[in-house]
Amino acid sequence: MPAKNSKVSVVSKPAMAINEHVVEIISDSGEGAQKCGQSFASIAAKMGNGIWTVEIIPAEIQPPARSIEGASGNRIRLAADRVTNGGDKANLMVAFNEQVLLGRLHADELADGAIILLESKWRTDPNAAVAKSYSNVYERLVADGFKPIEVPMETECLKLVADARRGKNMFVLGLLCSIYSLDMQLARDQISTIFKKKSAKIISANHSLLEAGYDWAEANLDIKFKIPTTPAKEPHIVINGNTALGLGVMASGMEVCAMYPITPATSASHYLSDVFKNVGGVVHQAEDEIAACAFAIGSSYAGKCAVTITSGPGYSLKQECIGLAVMAEIPLVVINVQRGGPSTGQPTKPEQGDMLTAVFGSHGDAPKVVMAATDIEDCFYSVITARRIAETFNTVVVLLSDAGLATAQQPCPRPEFSEDWLAPPIDQSPVEDGRLAYDWQLQTGRVNRIIPGQPNGMHTVTGLAHDRRSCVAYNLTVNKEGVRNRSLKLAALQKTLKTPPVFGDDTGELLVVGWGSTKGAIEEAVQRVRNDGYSVSSLHLRFIQPMASGIKEILQRFDKVLCVENNWSDDMEDDLITEDNRRYSNLAWLLRARSLVDIDCWGEVGEQPIKPGTVERVIRDRLAPRAINKTAPNRAAAGRH
Amino acid sequence: MPAKNSKVSVVSKPAMAINEHVVEIISDSGEGAQKCGQSFASIAAKMGNGIWTVEIIPAEIQPPARSIEGASGNRIRLAADRVTNGGDKANLMVAFNEQVLLGRLHADELADGAIILLESKWRTDPNAAVAKSYSNVYERLVADGFKPIEVPMETECLKLVADARRGKNMFVLGLLCSIYSLDMQLARDQISTIFKKKSAKIISANHSLLEAGYDWAEANLDIKFKIPTTPAKEPHIVINGNTALGLGVMASGMEVCAMYPITPATSASHYLSDVFKNVGGVVHQAEDEIAACAFAIGSSYAGKCAVTITSGPGYSLKQECIGLAVMAEIPLVVINVQRGGPSTGQPTKPEQGDMLTAVFGSHGDAPKVVMAATDIEDCFYSVITARRIAETFNTVVVLLSDAGLATAQQPCPRPEFSEDWLAPPIDQSPVEDGRLAYDWQLQTGRVNRIIPGQPNGMHTVTGLAHDRRSCVAYNLTVNKEGVRNRSLKLAALQKTLKTPPVFGDDTGELLVVGWGSTKGAIEEAVQRVRNDGYSVSSLHLRFIQPMASGIKEILQRFDKVLCVENNWSDDMEDDLITEDNRRYSNLAWLLRARSLVDIDCWGEVGEQPIKPGTVERVIRDRLAPRAINKTAPNRAAAGRH
Amino acid sequence: MAVRATDLLLSSGDEEHTLEEYEGRMPRWCTGCGDLAILAAVQKLCRDKQLNREKVVFVSGIGCSSRFPHYMGTYGFHGLHGRALPVAEGVKMRRPDLDVFVNTGDGDCCSIGAAHWMHATRYNMNMTVMMHDNNIYGLTKKQASPTSPKGTRSNTTPRGSDLDAFDPLAATLGMSNLSFVAQAVDWIPELLYKIIKQGYEHRGFSFIRILQRCPEFMPNRFEACVQDPDKLLLLTHKNGIELSPGLAKVYKNQKEHDPLDLVGAQEIAGTSERVPVGILYRNDSVPCYEDLRQPTELITPQLIRKGLETELDKFTIWPSD
Amino acid sequence: MAVRATDLLLSSGDEEHTLEEYEGRMPRWCTGCGDLAILAAVQKLCRDKQLNREKVVFVSGIGCSSRFPHYMGTYGFHGLHGRALPVAEGVKMRRPDLDVFVNTGDGDCCSIGAAHWMHATRYNMNMTVMMHDNNIYGLTKKQASPTSPKGTRSNTTPRGSDLDAFDPLAATLGMSNLSFVAQAVDWIPELLYKIIKQGYEHRGFSFIRILQRCPEFMPNRFEACVQDPDKLLLLTHKNGIELSPGLAKVYKNQKEHDPLDLVGAQEIAGTSERVPVGILYRNDSVPCYEDLRQPTELITPQLIRKGLETELDKFTIWPSD
Ligand SMILES: Cc1ncc(C[n+]2csc(CCOP(=O)(O)OP(=O)(O)O)c2C)c(N)n1
Ligand SMILES: Cc1ncc(C[n+]2csc(CCOP(=O)(O)OP(=O)(O)O)c2C)c(N)n1
Ligand code: SF4
Ligand code: SF4
Ligand SMILES: [Mg+2]
Ligand SMILES: [Mg+2]
C-alpha cells in the first residue's frame with residue numbers, strides 16, 4: 001500500500017495552486033458519470049475541500065444514447081473553503097461523447113477557456129455519421145476557442161476490462177485524481193466502499209481502472225491543479241437535501257410518513273423507506289396524495305405526529321386536507337420539494353414557485369406556518385423544527401425545499417442527536433374535569449390538545465366551525481372565536497422568531513432579498529460585488545409565514561431592494577408590462593404588502609439552481625444598468641430572464 | 001274579483017308613509033316562512049318597491065322544532081327605491097314560535113322598537129314547559145322595551161283548514177299585505193302561481209287564508225304602512241344570484257356544466273339541471289370535484305367551452321386541474337360560490353375568503369383571471385364575460401360569488417339576449433401549414449388554438465413545459481417562453497379593463513375599498529355618512545386579477561384607505577397583533593403589494609352578509625375613533641371584530 | 001373471533017358501562033331517519049362489548065350519516081367528504097389499541113371516496129365500516145348518488161337519473177384482499193345489531209352496507225322492502241348469521257350461504273331478485289396491514305439515537321487526526 | 001359491430017392513409033419496453049380502420065405509458081396523473097364524432113385514478129381504454145404499484161411489498177354497468193392487435209388491461225410467461241377472439257369462454273392459475289352515457305334565445321302599463 005502510494009507521489013508533476021474549480025462529468029445515462037462524480041466529490045471532501053455537487057439528470061428514464069437531452073452526470077464544485085452552491089460555469093468538463101458535450105455547450109455551461117476532456121473513440125467510429133458528428137463538434141469547439149483534449153478512454157479501458165462502457169467512469173476518476181492531486185488511497189478506499197456488495201474481483205478491476213486513468217493522465221497531460229485543503233476538525237456528513245430531510249424525519253421523532261411517489265420529492269421517501277424502520281417508523285405509500293395527507297392527519301390526530309412529503313402537483317391535491325388540519329388543529333408536517341411548474345411542468349428541475357400557494361392555499365382563512373430550507377444542513381434541522389412547531393401550535397407546518405437542494409450534496413457538520421428533538425411520549429392520562437377540547441388561550445390562541453385514549457377527554461373533532469367543546473357552531477361569535485385563535489397562533493409564533501441577520505452592511509445602496517435554497521448563490525454574489533466595493537447586502541428568509549419582525553426596518557435602510565427568486569416575475573422591459581399589471585415574484589408580493597417598500601424583483605424559471613454569477617450580473621445591472629449593458633455581451637444568452 | 005278588491009280598500013285604515021322597512025318571517029323549517037317571505041317580496045316588487053331578500057337557513061335538514069338554531073325564514077327589505085342589500089336590523093318580525101324569535105334576538109337582529117308579531121298559541125300550550133318558555137320570552141321582550149303583538153295564527157287558520165301548520169304562512173302573507181298596504185289582487189295571483197301545480201281546492205283554501213290574515217289585521221291591528229312605489233317602466237326579473245349564474249351559463253353559449261354537489265353552489269346546478277336541456281346544454285354530475293373539473297377541461301379542449309361550479313372545499317380539490325388548464329391553455333370557467341371557511345367551515349354562510357387562493361392557488365406560476373360578481377345582475381353578466389375571456393385568452397377564469405348572493409333575490413332589468421354573447425361555432429377548418437399549436441403572439445402572449453377535428457392541426461397538449469409545437473421542453477429558454485406568454489395574457493387583458501369609478505368624491509379623507517358582493521352595503525354606508533357631511537368615498541372591484549390600471553392613483557388621493565371585506569383580518573387591538581405580523585384581509589394583501597399604500601382593513605366572518613349599518617359604524621369609527629367609542633355603546637356587540 | 005385488548009379489560013373489576021355512557025350529543029337527524037337505528041345498534045354493541053369509551057374512535061366523512069361520531073360518547077373524527085377511510089387508516093396504523101369505526105354515506109364512499117374504499121379494502125386494516133346507503137345525497141338536499149335507482153328524480157336529475165344504480169356489494173366482491181362484506185337494513189334491529197357485531201368481531205376491514213331510510217328525500221325507496229318481508233333474502237350460516245325464531249318466522253326467504261364462498265356471494269350480489277341481508281363474505285386469514293407494518297422494537301429515544309447514529313455513520317467524514 | 005361515421009368515410013374516395021401518418025414524435029421509451037408493441041398495434045389498427053387522424057384523440061394521464069399520445073400522429077391530450085378518464089369523458093360528451101382512446105398506467109388507473117375508473121365504467125361512454133400494466137411505477141423510477149406482486153422490491157418497498165397484488169380484472173368484473181373487459185399481453189402482437197380491435201369496435205367503454213413489460217424496472221416480471229406459452233390461458237369464442245392456426249399451435253391452453261358470461265369471467269379472473277388472455281366480458285346492450293344525454297335539438301343561437309327567453313319570462317315583472 002505505501003509502495004504504490006509513494007510511487008504515485010514520485011511521478012507527480014508540479015501542480016498549479018488554484019482556489020476552486022467547477023468540474024463536470026457527463027455521459028449517456030447508464031455509463032456511470034454520476035458515480036464517478038460523486039466519488040470524486042467524496043474524495044475531495046474527505047481531503048478537506050469544500051464541495052457542492054449538482055446532479056445533471058435527463059428527463060427520460062432511458063433517453064437515446066448520444067443525444068443532447070440525454071446528458072447525465074454530475075457537476076462538482078470544489079474549493080479550498082466551504083462552498084454553498086454549485087458555482088458558475090464549468091472550468092473542466094469530461095465528456096463521454098460529443099453529443100452530451102454539445103448539450104452542455106448549448107446550455108452555455110462552459111466557462112471561457114474551460115478544459116475539455118473528450119472520449120476520442122468516436123473520431124474513428126465505423127458509423128460515418130457518428131464520426132462526422134464528432135469531428136464537427138470538435139471543430140466547433142476549437143472555433144469557439146476551446147482546446148479540447150482527446151482521451152482514448154475506451155482504448156485504455158479495454159486493456160483492462162472487456163466492457164469499457166462499464167469501466168470508463170473509474171478510469172475518469174483516476175484521471176481526475178491526477179489532475180486535482182487527490183489522494184489515491186482515498187480513491188481506492190472509495191471504490192472499495194461503493195462496490196462493497198460486489199466481488200473482490202470487481203473491486204480490483206475497478207482499482208486497476210482507477211490507476212490506469214491516473215497513470216494515463218500523469219503520462220499524457222500537463223495539467224495538474226492543487227486546491228488547498230483544510231481538513232475538518234469535526235466530523236462531517238456528506239449528504240444531499242432529500243437524504244437530509246429523511247434523516248430529519250428520523251431525528252424529529254415522527255413515526256409515520258405517508259406519501260405518494262412524485263419527483264423530485266420521492267427520493268426522500270425512498271431513503272426513509274430504507275431506514276425509517278430502524279427507528280420504528282413506517283413509510284406508507286398511499287393510493288394518492290389526498291389519501292397520504294388524510295392518513296398523516298389520522299395518525300397525527302391519534303398522537304403520532306406525521307409527515308407527508310410531496311411536490312407541486314401533489315401539494316395542490318392536498319389543499320383540502322391541509323385546510324382540515326388547520327381547522328381541526330391537528331399537527332401536520334407537509335414537505336414540498338418544489339419543482340418547475342405550473343401543472344406537471346418540469347418534474348426534475350428546481351423552482352421556488354410554490355411559496356404563495358403554500359401561504360394562501362386552501363379556501364377560507366387557513367393560517368399555516370411556512371418555512372423554507374436554505375441549504376442541506378437546514379433541510380435536516382428544519383424538519384425537526386417543523387415537527388416541534390406543528391405540535392406546539394397544533395397546526396400545519398409546510399416546509400419548502402426544491403429539486404436543487406434535493407439532489408445537491410454538501411458536507412455539513414455531523415448532527416449531535418438530542419432527545420429534546422423528540423416530543424414527549426403521547427399523553428394518555430385522564431383529562432381533568434372541565435377541560436375542553438379547544439381551550440384556546442386568550443393571548444396566544446394555543447390549545448393543549450386531547451388525544452384518543454385519554455379518559456374523560458372524549459369529543460369529536462370536525463372541519464365545521466366549532467366552539468371550545470368542538471361542537472358545531474351556528475353563530476358569528478363562536479365562528480369568529482375559532483378563526484381568531486387559529487390566526488393568533490401565527491402571531492404567537494412570530495414573537496419567538498429572530499430577525500434574520502443582514503449579510504453585509506446594515507444599510508446601503510441595494511439589498512438583495514431571497515429565501516430558501518438560493519442563500520448560498522445570493523450571498524456569494526453579494527460578497528463578490530462587495531469585494532469590488534459595491535454597497536450591496538443581502539437578507540435571507542427561512543420563515544415565510546409568520547415572518548420575523550424587524551424586516552421592514554431593514555428594507556427601509558437601503559436605497560433599493562431587490563428580491564431574487566427562482567420563480568416567475570414579469571419583466572418591466574416587456575412592452576405590455578407596467579407597474580400596474582406586473583406580476584411580482586413570490587416573496588416580493590409578500591414583502592411589498594407587509595413593508596410597503598417598493599421592492600423590485602428578478603427571477604429565473606429554468607433548468608438549474610440560480611448561479612452566483614447570474615445573481616452577480618443582475619446586481620451589477622441594477623446598480624448601473626447602462627454600463628453593464630455594454631460590458632457584458634453575454635448578458636442576453638445568460639438570461640436576465 | 002273586483003268586488004272583493006273594493007271591499008278590501010273600503011275597510012282599510014289610513015297608512016303611515018315610510019321609506020323602507022326590513023321585515024322578517026321566521027318559523028320552524030317546514031312551516032313555510034320561506035314561501036311566505038318570497039311571495040311577500042314578489043308582490044311588493046310587482047307593485048314597484050325596491051326589494052332585497054335574504055334567506056335564513058338552518059344548518060340542518062330537519063332541525064328540532066321550536067329551537068333557536070332551527071330558525072328558518074326570510075328577511076325582506078322593501079323600499080321606495082332600488083335597494084342593493086339586505087339592510088340592517090329588522091323593523092318588523094313575524095315569528096311562528098318564541099324560540100325562533102329568541103334566536104333572532106340573540107343574533108341581535110331586531111331594530112330598536114321593532115314590531116313583533118308572535119303566534120300566541122304557545123301561551124296556552126298543554127305542555128307546561130312550552131307555555132313557560134313562551135311567557136318567559138314574552139316577558140323578556142317586554143323588558144327589553146319591545147311591545148310584542150300576539151297573533152292567534154293557529155286559531156284563526158283552524159277556522160279554515162284542518163292543518164294549520166301548512167296554512168299559517170298564507171295567513172301571515174295576508175297580515176303583511178294589510179300592514180304594508182299591498183295589492184290583494186297581486187297577492188291572490190301570486191298564490192295561484194306558486195300553487196299552480198296543485199288542485200283548485202288547495203289554491204282556493206290558500207286564498208281564504210290570505211284573506212283571513214288580511215281581515216284579521218285590518219280588524220285587530222292599528223299598524224299600517226305605505227311605502228311609495230315607482231312601478232317599473234322596463235321589464236324586470238326577480239331572481240337570486242344562483243339562478244342568475246344559471247341563466248348566465250345558458251346565455252353565454254356554454255354547452256357543458258360539470259359539477260359535484262356542494263352547498264351553497266349546488267342550487268345553481270339544480271336550476272341548470274332543470275333548464276339547461278332546453279338550450280341543448282348538459283349538466284354532468286361527476287363522481288367528485290376533480291373529475292368534474294377534468295371533465296369540463298376535456299369538453300373545453302374539444303371545443304365546447306365548459307363551466308364547473310363549486311364552493312370552497314371543491315375549489316381546493318380542483319387546484320391541480322386548474323393548473324393544467326392554465327398550462328395547456330384550455331378555456332375554462334370555474335365558478336366558486338364562496339361559503340364560510342376554512343375546511344368544511346360554515347356551509348350555508350357567506351364569506352369572501354377564497355380570493356387569495358383563487359389568485360395564488362395551484363403550484364408554480366399559474367396565472368388565471370379572477371372576477372367577482374357584485375350583485376345579482378352581475379352574476380348573470382359575469383358568466384357571459386367569463387366565457388368570453390376564457391375563450392379569447394384560452395385560460396381559466398374564476399368567477400367568485402358567495403352564499404349571500406346565491407340566495408338573495410333582487411329585481412333587475414330583464415336582460416336582452418344578444419347573439420354576441422355566444423362564441424362562433426367551433427372551427428373545424430383545416431389548419432394552414434406552418435401554424436403551430438402555441439403560436440404565441442409576441443405582444444400579448446395570445447394564441448389561436450387548434451381544436452380536434454381540424455385537419456392538419458394534430459398535436460398533443462400537455463401539462464409539461466412545452467414549446468410552440470406543444471413538444472415537451474427540456475431547457476430554460478423554451479420553458480421561459482411558455483411561462484412568459486401565459487403571464488403576459490393577463491397584462492394584455494388588463495389593458496382592456498376600465499378603471500372602476502369612485503363612488504363619491506375623487507379625493508377625501510377616507511376611501512373604502514371592497515370587492516364582490518359587498519358593493520351594495522358599502523355604497524349605502526358611504527352614502528349615509530356622506531349625507532352627514534363626511535368626506536368618504538368608496539371603490540369597488542370586479543376584476544381581481546388582473547386589476548385595472550389607475551387604482552393606485554385613486555388610493556393615493558385619500559388620507560386613509562380601508563378595505564372592508566367579508567373575510568378575516570387580525571385586529572390591531574389584539575395584544576399580540578402588530579404591523580409586523582398582522583394578517584390582512586384578502587384584497588388588502590393585493591392592494592398593499594401593488595400600490596404600496598398603507599391600507600387598513602376590517603372584516604367580518606359571520607353568519608350573514610355584511611350590513612350597511614355595520615360598515616357605517618366601522619367608517620365612523622375609523623374617522624373619529626375616540627368619539628365613536630363613547631357614543632356607540634352597541635359597538636362591541638356589533639363587532640368591530 | 002379474535003380476542004381484543006378491550007375484551008380483557010372486562011375482568012378488571014371496573015364498574016359496568018351503561019348505554020347512556022355511549023351517547024354523545026343529541027342526534028339531529030330527521031324523524032324516521034334510518035341513521036337513528038344504526039346509532040342505537042352501535043351504542044348497544046359498545047355497551048355489550050363494554051368498550052372503554054376513550055379507546056374508541058368513530059371516523060366519518062361529510063354527509064348526514066357522517067354526523068354519527070358527534071352522537072357517540074367516544075372519540076370522534078368528523079373529517080372531509082370522501083376521506084373517512086384514509087383518516088381511519090392513519091388513526092389505526094400506530095394505535096392498534098384503539099377500536100376504529102367508520103361511518104360513511106353512499107356518496108361519501110362510492111362516489112368521491114371510491115378509490116380510498118378500494119384501497120382500504122386491500123390494506124385490510126382492522127376496523128368496522130358502516131356505509132349508510134340511503135341511495136341519495138341527504139345533507140346537500142337531494143342529488144342522485146351512485147346507488148340511486150335509475151329514474152330517481154332528484155335536484156340534479158329532475159327528469160330521472162340516467163344510469164342503473166351502482167352496486168356496492170358486487171363492487172366490493174371484486175376487490176382484492178377482501179376480508180369481510182355484509183349487508184344490513186336499518187329496519188330490522190336484531191339483524192342490524194348482529195351484523196355490525198360480526199363486523200366488529202372480525203379482525204380486518206369489515207365493510208357493512210346498510211340500507212338506510214331517508215324519509216326526507218327518498219320516502220318510498222325502501223317502503224316495499226319494509227312492508228313485505230318477502231322482498232328480502234336472509235343469508236344464514238353457522239359461520240354467519242343465525243336467525244332468532246321470531247325473525248325466522250317473519251322472513252321466510254332464507255338461504256344457507258357460507259361466508260367463505262366468494263363465487264356464491266358474487267352470484268347472490270349479481271343475480272338476486274331479493275335484497276340479500278347477512279354476511280356475504282368473510283375470510284379470517286387475510287393479514288392486517290397494521291400488523292405487517294408494526295414496529296419490531298419498542299420505540300424509545302435510545303432506539304432513535306441508535307438508528308440515527310448508524311445512518312449518520314454511513315455519511316460521515318471523520319477528522320483524520 | 002357498430003358502424004362508425006369514419007368507416008363510411010372509406011368510400012369517399014380519399015387517398016389511403018399509410019401507417020406512417022399515424023406516427024407522431026419519436027418514442028422515447030426504453031429499449032424493449034412493452035409500450036412500443038402497444039403503440040405498433042394501435043397504429044396498425046388506425047391504419048386498418050383508415051381513421052381520419054384529425055378525428056382521433058388519445059387521452060392519457062402521467063406515466064411512461066401516458067406519453068403515448070405524443071407518439072401518435074393524431075390529436076392527443078397528455079393530462080394529469082390519474083385523470084385521463086374524466087378528461088376523455090369530457091372530450092367525448094359533446095363530440096361523438098371524435099374517436100377517443102385512453103392510455104393509462106397501473107398506477108394512473110388503479111391507484112390515484114381508481115374512483116374515476118369505477119365511474120367511467122358506469123358511464124359507459126364509447127371509448128377504448130388501454131391500461132398498460134407493468135406492475136410498477138415506471139416514470140417515477142420504481143415504486144410498487146397496486147398490481148405489483150407481493151414481495152416486489154422497489155424503492156418504497158425495499159424489503160418487498162407487503163400486500164397481495166391488486167387484481168384489475170376481478171375489480172372491473174365487479175363494477176356496475178360494465179360493458180367490455182379484456183386482457184392482452186404486449187408480447188403476442190397478433191392477439192394484442194385483435195383484442196384492441198375488438199375493444200375499438202365495441203360501442204361503449206372498452207377496458208383492456210395489457211400486461212406490459214418494463215425491462216428497466218421489472219426485468220423478470222413476465223419472463224416466465226413470455227418464455228412458456230403454457231403459462232397463458234387463451235380465451236376463445238366466436239363472439240370473442242378466434243386464434244390463427246399458428247397461435248393455436250403454440251398456445252395450447254385455450255378455453256371457450258362466451259364474453260356474455262359474467263360469472264364465468266369472474267371465475268376465470270378469480271381462480272385461474274394461468275394468465276387469461278382474451279375477451280372476458282362484453283355486453284353490447286349497455287347504453288352509452290353520451291347518447292342518453294345528447295341534445296334533442298340542433299343547438300343554434302335561435303334555440304338558445306328561445307330557451308333563455310322562456311326562462312326569463314318565468315321571473316319577469318312586466319311594466320303594468
Ligand atoms: C369536497 C366536498 N364536496 C362536496 C361536499 C358537499 N357534500 C356534503 S355531504 C355530500 C353528500 C352526502 O351524501 P352521502 O355521502 O350519501 O351522505 P348522506 O347525507 O346521504 O348521509 C356532499 C356532496 C363537501 N362537503 N365537500
Ligand atoms: C398528482 C401527481 N402525483 C404523482 C405524480 C408522479 N407520477 C408520475 S407518473 C407516476 C406513476 C407512474 O406509474 P404508472 O401509472 O404505472 O405508469 P408507468 O410509468 O408505469 O407507465 C407518478 C406517481 C404526478 N405526476 N402527479
Ligand atoms: S335528510 Fe335523510 S339521511 Fe339526512 S337526516 Fe334527514 S332522513 Fe336522515
Ligand atoms: S421505465 Fe419501464 S415502462 Fe418506462 S419506458 Fe422504460 S421500460 Fe418502459
Ligand atoms: Mg346518502
Ligand atoms: Mg406502471
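Just so we're on the same page: letters track the sequence lines, and every chain starts at 1.
You'll find the side chain of C/T296 reaches within 4.5 Å of the side chain of A/K277, heavy atoms only. Counting heavy atoms from C-beta on, the side chains of C/F315 and A/V238 never come closer than 4.5 Å. Using a 4.5 Å heavy-atom cutoff, the side chains of A/F295 and C/Y123 are not in contact. Here the side chains of A/L422 and C/I304 are in contact, with some heavy-atom distance below 4.5 Å. Side-chain contact between C/L312 and A/F417 is absent, with no heavy-atom pair separated by less than 4.5 Å. The closest side-chain heavy-atom distance from A/E320 to C/R83 is below 4.5 Å. Side-chain contact between A/Q454 and C/Y75: present, with at least one pair of heavy atoms (C-beta onward) separated by less than 4.5 Å.
Among C/L298, C/L85, C/T310, C/I299, the residue making the largest number of heavy-atom pairs under 4.5 Å with chain A is C/I299. Comparing A/M327, A/H459, A/K46 by how many heavy-atom pairs each has under 4.5 Å with chain C, the most go to A/H459. By number of non-hydrogen pairs under 4.5 angstrom with chain C, the leading residue of A/V283, A/I297, A/N456 is A/V283. Interface summary for chain A: among C/D313, C/V59, C/I62, the most heavy-atom pairs under 4.5 angstrom belong to C/D313. Contact tally against chain A (heavy-atom pairs below 4.5 Å) for C/G73, C/G90, C/G79: the top residue is C/G90. Contact count against chain C (heavy-atom pairs under 4.5 Å) is highest for A/H284 among A/E419, A/E416, A/H284. Ranked by non-hydrogen atom pairs under 4.5 Å with chain C, the options A/G453, A/S418, A/S42 are led by A/G453. The candidate from C/P69, C/A84, C/G113, C/S60 with the greatest count of non-hydrogen atom pairs under 4.5 Å with chain A is C/P69. With respect to chain C, the highest number of heavy-atom pairs below 4.5 Å among A/I426, A/N278, A/V275 belongs to A/V275. When C/H119, C/M93, C/E311 are compared by the number of non-hydrogen pairs under 4.5 Å with chain A, C/E311 comes out ahead. The greatest number of non-hydrogen atom pairs below 4.5 Å with chain C, out of A/V431, A/V472, A/I290, A/V256, is found for A/I290.
Interface remark: C/R67 contributes side-chain atoms only to the contact with chain A (heavy atom separation under 4.5 Å). Looking at A/A251, the atoms closer than 4.5 Å to chain C (heavy atoms on both sides) sit in the backbone and in the side chain alike. For chain C, the nearby part of A/Y301 is the side chain; its heavy atoms alone come within less than 4.5 Å. For A/C293, no part sits under 4.5 Å from any heavy atom of chain C, backbone or side chain. Proximity to chain C involves both the backbone and the side chain of A/I451, based on heavy atoms less than 4.5 angstrom apart. The contact between A/Q428 and chain C is made entirely by side chain atoms (from C-beta outward), counting heavy-atom distances below 4.5 Å. Looking at C/T316, the atoms closer than 4.5 Å to chain A (heavy atoms on both sides) sit in the backbone and in the side chain alike. Using a 4.5 Å cut-off between heavy atoms, C/E89 touches chain A through backbone and side chain atoms alike. Only the side chain of C/R95 comes within contact range of chain A, with heavy atoms under 4.5 Å apart. Both the backbone and the side chain of A/P415 have a heavy atom closer than 4.5 Å to some heavy atom of chain C. No part of A/A258 comes within reach of chain C, as not one of its non-hydrogen atoms sits under 4.5 angstrom from that chain. In this structure, no portion of C/Q294 lies under 4.5 Å from any heavy atom of chain A. With a 4.5 angstrom heavy-atom cutoff, A/K304 touches chain C only via side-chain atoms. Heavy atoms of A/E234 lying under 4.5 Å from chain C belong exclusively to its backbone. When heavy atoms are compared at a cutoff of 4.5 Å, A/T193 does not approach chain C at all. Using a 4.5 Å cut-off between heavy atoms, A/A296 does not touch chain C at all. Only the side chain of A/Y271 comes within less than 4.5 Å of a heavy atom of chain C; its backbone N, CA, C and O stay farther away. For a residue to count as touching a neighbouring chain, one of its non-hydrogen atoms must lie under 4.5 Å from one of that chain's; by this rule C/K314 touches chain A with the side chain only. Contacts between C/R25 and chain A at a heavy-atom distance below 4.5 Å involve the side chain alone, from C-beta outward.
Contact detail for A/K233 and C/P319: the closest heavy-atom pair is O-CG, 3.2 Å. Looking at every heavy atom in both residues, C/L308 comes nearest to A/V279 through N-CG1, 4.2 Å. Heavy atoms only, all atoms of each residue included: C/P86 and A/A294 are closest at CB-CB, 3.7 Å. Across all their heavy atoms, C/Y289 and A/Q285 have their closest contact at OH-N, 4.5 Å. C/V57 approaches A/P452 most closely through the heavy-atom pair CG2-CB, 3.9 Å.
Once rounded to the nearest 0.5 Å, the distance linking CH2 of C/W117 with CD of A/E287 reads 13.5 Å.
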